[in-house]
Novice: 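To start, I am sharing the structure in question, which I have written as structure tokens.
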Number of protein chains: 2
Amino acid sequence: MKIDFTPADFNVALATSVVVYGFSGDELLTLIAQKDGEPFHGAHILPTAIIRPDQAPENVVKSLLRDLTGRDDWPLEQLNSFANPYRNPSGRVVNIAYYCLVRLSDDLKASLEARGCRWIPVTKVPSMAYDHDEVMAYARERFKRRVKRRPVGFTLLPREFTLNEIQRLYECALGRKFDKRNFRRKVLKSQLLIETGNTVRSSAKAKRPSRLYMFDEKKYQTLTLKGYDIVYF
Amino acid sequence: MKIDFTPADFNVALATSVVVYGFSGDELLTLIAQKDGEPFHGAHILPTAIIRPDQAPENVVKSLLRDLTGRDDWPLEQLNSFANPYRNPSGRVVNIAYYCLVRLSDDLKASLEARGCRWIPVTKVPSMAYDHDEVMAYARERFKRRVKRRPVGFTLLPREFTLNEIQRLYECALGRKFDKRNFRRKVLKSQLLIETGNTVRSSAKAKRPSRLYMFDEKKYQTLTLKGYDIVYF
DNA sequence: ACAAAAGTGTTACACTTACACCCATGT
DNA sequence: ACATGGGTGTAAGTGTAACACTTTTGT
């Protein structure tokens, strides 16, 4: 079997786009940017960066994430590459897509607005330039599958959260309702939650405060080591 | 957000490698090629093809599969892209990997030998050139996950097969044993198998013949349409 | 005292697992 | 008749799903 590249084969450029998910407390949000400069000035796009021929894709995404969120240690996973010829007018570009989960916070939101990015509910993402619609749809599917098997709440929820919040997260992510009692039984049986002893009132109208929980990271490490095939829902 | 490519960015080449799985009846096999020409002449590699700048990756893989197996309509799925800089001495090459399931047959085996390819038990794959070890390991993980959720037997098994054969397939694929009675109950409950009425003797020594079954493709279509989240094992 | 959301148990049913012998057939 | 692999059932335990009321707290 022969694999002989000719100089003419080295005529492709690389880019990476990242689908970033966050949870507001009652909605699943995703990050959308707008394109500066022609072509497609002002079009909605996914946060995207060029991968120069001497760069490793993962490093480029991480630096993009650092730029957007101030950190690059969020859970990050490669999706498919989108590589149909001539998807980009400037020449042949292969887009190596990633998806990423972040923990929302107020200063995170502020820094993003400054960079021309916005958080949009996943139920309301606009149509985008290039083939970013396809990338977004693909990421959504991947995310749904991950939610069922991995405790995504570790990243998506604030450090302390209520059982109602985590239930709402799962309902948003999977697009269906759960029975409150069954949900709590299941999530508590996993032994991954620790009651912090703190409470919070979920709204001004709410009288009784909710108990706050946090994840037991040590227990999670132990469980993932012996095969992370934990089914959640 | 700016995305401006310069001519210097168009200096990457694309290749695709495919991990092909087949089932011999008592072993899971995978397809390995050998490299012709320097560098790495004679090294073990995955079946690989160059993607010219005007070609769609999926078409290239399909034509590679047609070349190897005479058909290109096997279940095919993109894996990650392997794109670390300088993984190939000729310059920067991005490898878009795929994995594929085929139904083994005698003439398929013959045509492959002619092309310098060999079927190797997955438990005995040798170390390979480039980063093909990494690709292979990644494919193996993906395959294990798929086996648990999708009826891979549709493709991997002959049109008619015995319950012992399908059990052996699952045991190979997942690397563990199943209880014969429980396995049969489960696989028959799925309603995806039809008894053909035919029988076969599994070996010369076997006296009693085994019953043959086939998959009910129509029922499978129906089930997949309403969410293919069928858990097998 | 009342409004609001938080929190809690039980029962029926389905699925999973462990386990050992008889059956059909060819020689 | 016997050797060989093919084929079968049951019972205990575990997990899932459906269901509605009481508790706590702030106003």
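Every chain is numbered from 1 and lettered A, B, ... according to where its sequence line falls, protein lines coming before strand lines. Predicted model, so just to flag it, every value in this text is computed and none were measured.
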Novice: D/dG6, OP1 or OP2 - any side-chain N/O from B/Asn164 closer than 4.0 Å?
Specialist: yes
Novice: Under 4.0 Å: is that the gap between some side-chain N or O of A/Arg185 and OP1 or OP2 of C/dG9?
Specialist: no
Novice: Tell me whether the OP1 or OP2 atom of D/dG5 has a side-chain N or O from B/Lys205 closer than 4.0 Å.
Specialist: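 Checking D/dG5 against B/Lys205, a side-chain N or O does come within under 4.0 Å of OP1 or OP2.
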Novice: Please evaluate the base of D/dA18 for a donor-acceptor partner in the side chain of A/Asn182 within a cut-off of under 3.5 Å?
Specialist: yes
Novice: Answer yes or no: side-chain N or O of B/Lys207 and base N or O of D/dG6 forming a donor-acceptor pair under 3.5 Å.
Specialist: no
Novice: Under 4.0 Å, heavy atoms only, any strand: does B/Asp179 hit a base, just the sugar-phosphate, or nothing?
Specialist: base
Novice: Give a yes or no on whether a salt bridge exists between A/Arg146 and A/Glu77, defined as a side-chain N under 4.0 angstrom from a carboxylate O.
Specialist: yes
Novice: Looking at the base of C/dA6, is there any donor atom on it, or on the side chain of A/Arg208, that sits under 3.5 Å from an acceptor on the other one?
Specialist: yes
Novice: Taking atom types as modelled, is there a side-chain donor on B/Gln191 or B/Asp216 under 3.5 Å from an acceptor on the other?
Specialist: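 Judged by distance alone, the side chains do not pair up.
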Novice: Name the nucleic acid region contacted by B/Arg201, choosing base, sugar-phosphate or nothing; use a 4.0 angstrom heavy-atom cut-off, strictly under.
Specialist: sugar-phosphate
Novice: Would you kindly check whether a donor in the side chain of A/Arg181 faces an acceptor in the base of D/dA20, or vice versa, at under 3.5 angstrom?
Specialist: yes
Novice: Does A/Ser203 put a side-chain nitrogen or oxygen below 4.0 Å from OP1 or OP2 of C/dA4?
Specialist: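 Negative; the distance criterion is not met.
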Novice: Using a cut-off of 4.0 Å on non-hydrogen atoms, how would the nucleic acid contact of A/Arg211 be classed: base, sugar-phosphate, or nothing?
Specialist: sugar-phosphate
Novice: Quick one: is B/Ser210 getting a side-chain N or O under 4.0 Å of the D/dG6 phosphate, OP1 or OP2?
Specialist: yes
Novice: Would you say A/Asp106 has more than 12 foreign heavy atoms packed within less than 6.0 Å of its CG?
Specialist: no
Novice: For a quick check of understanding: with a heavy-atom distance under 4.0 Å over all strands, which category does B/Thr162 fall into, base, sugar-phosphate or nothing?
Specialist: nothing
Novice: I want to check one thing: is the phosphate of C/dT16, taken as OP1 and OP2, less than 4.0 Å away from some side-chain N or O of B/Lys186?
Specialist: yes
